Amino acid sequence: MQKLSPDNAVAQVPTHVAIIMDGNGRWAKARGLPRVAGHQRGAESVRKTVKACRELGIGYLTLYAFSSENWKRPAEEVGDLMQLLRVYLRKELNELHANNVRVQFIGDRARLAKDITELIEHAEGKTRANTGLCLIIAVNYGGQAEIVNACRRIAIMVKEGDLGLDEISEETVAANMETAGLPDPDLLIRTSGEQRLSNFLLWQSAYSELVFMDILWPDFSKKSLLEAIEEYQRRDRRYGATSG
Ligand code: IPE
Ligand code: IPE
Ligand code: MG
């Protein structure tokens, strides 16, 4: 944890920031542009946010890029979003690597195009040993599916006699989530004014501070991130206890 500003000695930046990047479509609509234009500007916000997180010394940034429910969108829009992911990975990987960023993905890869899973595996492999910001991108991710998969894995261990029923703990579940080994998000931001999780990090956000912002994702900037962090710093994280 690092200090955000020298004049606020107790203010700590969150270790893990997670963002539901929402509002690209509304941003485009307000300008009379096709939705894809909003997604393109949204990709710019991703670049800026990654940079800002590096500058602030944030340890982990998880971005919700495509939910397991986003397949319900028109095929053309799904195609545009997948193409933007390709372009992002091709264009940004060298710079991310040069900046010591470790890239990881969560979500079900089985339904993704083969070339995208290859780009994902390449990005993860290339940056695996990096020690700077850990950038986690959620693609075809759904929190409920993640919990179901963890249940299945644990059930198999029990069935095969590798784990006793009374040995199943919160740690066992956490260790079988796709986020195993990562700290839970301290600060969870959603842009665009919607106030819901939309199946994002359901298990991991048990004690995250939720910050809902009216700004649309393509307009999100370092200033917006700092506003969210300042809001986070005003919160009293009690974890069920009384204030200390
Ligand atoms: C977020 O923007 C991007 C993704 C969900 C992939 P939206 O496309 O959901 O934008 P709105 O909510 O329609 O404005
Ligand atoms: C959540 O946004 C998913 C991502 C940001 C990737 P949506 O725009 O898909 O969520 P809903 O449909 O408003 O709940
Ligand atoms: Mg949306």
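Remember, it's 1-based here, ligands and their atoms both numbered in the order they're listed. Owing to the predicted nature of the structure, the values given are computational and were not obtained by experimental measurement.
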| query | Would you call R109 and E124 a salt bridge, using N to O less than 4.0 angstrom? | reply | yes
| query | Do any protein N, O or S atoms sit under 2.8 Å from the Mg ion (ligand 3), and which ones are they? | reply | D22 OD1
| query | Does a side-chain heavy-atom distance below 4.5 Å link T49 with I19? | reply | yes
| task | Please identify which atoms of ligand 1 are closer than 4.0 Å to at least one heavy atom of H39. | result | 3 (C), 8 (O)
| task | For the pair N99 (side chain) and E95 (backbone), establish whether a donor and an acceptor sit closer than 3.5 Å, ignoring hydrogens and angles. | result | yes
| request: Check R237, Q12, E209 against Y232 for a side-chain hydrogen bond (donor to acceptor under 3.5 Å, both in side chains) and give me the one that passes. | output: R237
| query | Looking only at heavy atoms, what is the nearest atom pair of P14 and I58, with distance? | reply | O-CG1, 3.8 Å
| request: Using a 4.0 Å heavy-atom threshold (strictly under), name the region of R35 that reaches ligand 1: side chain, backbone, both or neither. | output: side chain
| request: For the pair D184 (side chain) and S208 (backbone), establish whether a donor and an acceptor sit closer than 3.5 Å, ignoring hydrogens and angles. | output: no
| query | Would you find a donor on one side and an acceptor on the other, under 3.5 Å apart, between the side chain of D80 and the backbone of V36? | reply | no
| Should the pair K48-E44 be classified as a salt bridge under the 4.0 Å nitrogen-to-oxygen rule? | no
Note every protein N or O atom lying under 3.5 Å from an N or O atom of ligand 2, pairing the names and giving the distance.
residue, atom, partner, partner atom, Å
ligand 2, 8 (O), D22, OD1, 3.2
ligand 2, 8 (O), R73, NH2, 3.2
ligand 2, 9 (O), N70, ND2, 2.9
ligand 2, 9 (O), R73, NH2, 3.3
ligand 2, 10 (O), R190, NH2, 3.2
ligand 2, 10 (O), S198, OG, 3.4
ligand 2, 13 (O), R190, NH2, 3.4
ligand 2, 13 (O), R196, NH2, 2.8
ligand 2, 14 (O), R196, NE, 2.8
ligand 2, 14 (O), S198, OG, 2.6

| Whether H16 side chain and P183 backbone form a donor-acceptor pair below 3.5 Å | yes
| field | Side-chain touch E146/Y141, heavy atoms, less than 4.5 angstrom | value | yes
